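These notes concern the structure reproduced below.
Start at 1 and go down the list; that is how both ligands and their atoms are numbered. From a predicted model like this one, the values you see are computed outputs, not experimental measurements. Just the heavy atoms: all of them, side chains too, but no hydrogens, waters or symmetry mates, feed the values below.
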Amino acid sequence: MGLISVPVDPVPAWAKIDLQLHQPYHTFLGLGRVRCDWCGEKWGRHGCSSRESAARLFLYTTTRTQKAAALDSGEITPDDLRLRRRTPARHRRKPSPHPRRQPPVNPLAALGITELAAVLR
Ligand SMILES: [Zn+2]
């Protein structure tokens, strides 16, 4: 029954690995722009895009104590705490290239209201 007592870490491993791997470094002895040490992408407010998505997922899956520990160790910055999902989680559907078949035209709708009233009279 040892398995039950094993604490389950809800944070995916790749998110934690990405947070470790993608670190900023200064080109040209600290005079150049800050870039990601791992993928070379420009370092923005939340790092490169890989780090940003890892940080975002970390914030969504982690517990409060883990978050505090990550803040202390510098894996997460206070700026990252404001990261939010940009798009809703549901998948967006592309509009179909084939237009939907038009509903059958109601023959009564083709007639104007006044004509309809005349027919009914
Ligand atoms: Zn990176």
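- No donor-acceptor pair under 3.5 Å is formed between the side chain of T62 and the backbone N or O of L59.
- With hydrogens and angles ignored, the 3.5 Å screen pairs a side-chain donor or acceptor of R51 with a backbone N or O of H46.
- Among residues two or more places apart in sequence or in another chain, the side-chain contact (heavy atoms from CB on, under 4.5 Å) test is passed with P10 by Q66.
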Let me check something: any side-chain donor-acceptor pairs from residues 14-21 under 3.5 Å, sequence neighbours excluded? List them with distances.
| unit_1 | atom_1 | unit_2 | atom_2 | d |
| --- | --- | --- | --- | --- |
| K16 | NZ | D9 | OD2 | 2.4 |
| Q20 | NE2 | E75 | OE2 | 2.8 |

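- S49 contributes atom OG, which lies 12.0 Å from atom NZ of K42 (distance to the nearest 0.5 angstrom).
- Ordered by chain and number, H22 ND1, C36 SG, C39 SG, C48 SG make up the set of protein N, O or S atoms under 2.8 Å of the Zn ion (ligand 1).
- When the salt bridge (charged side-chain N to carboxylate O under 4.0 Å, His left out) test is applied to R64, no partner is found at least two apart in sequence or on another chain.
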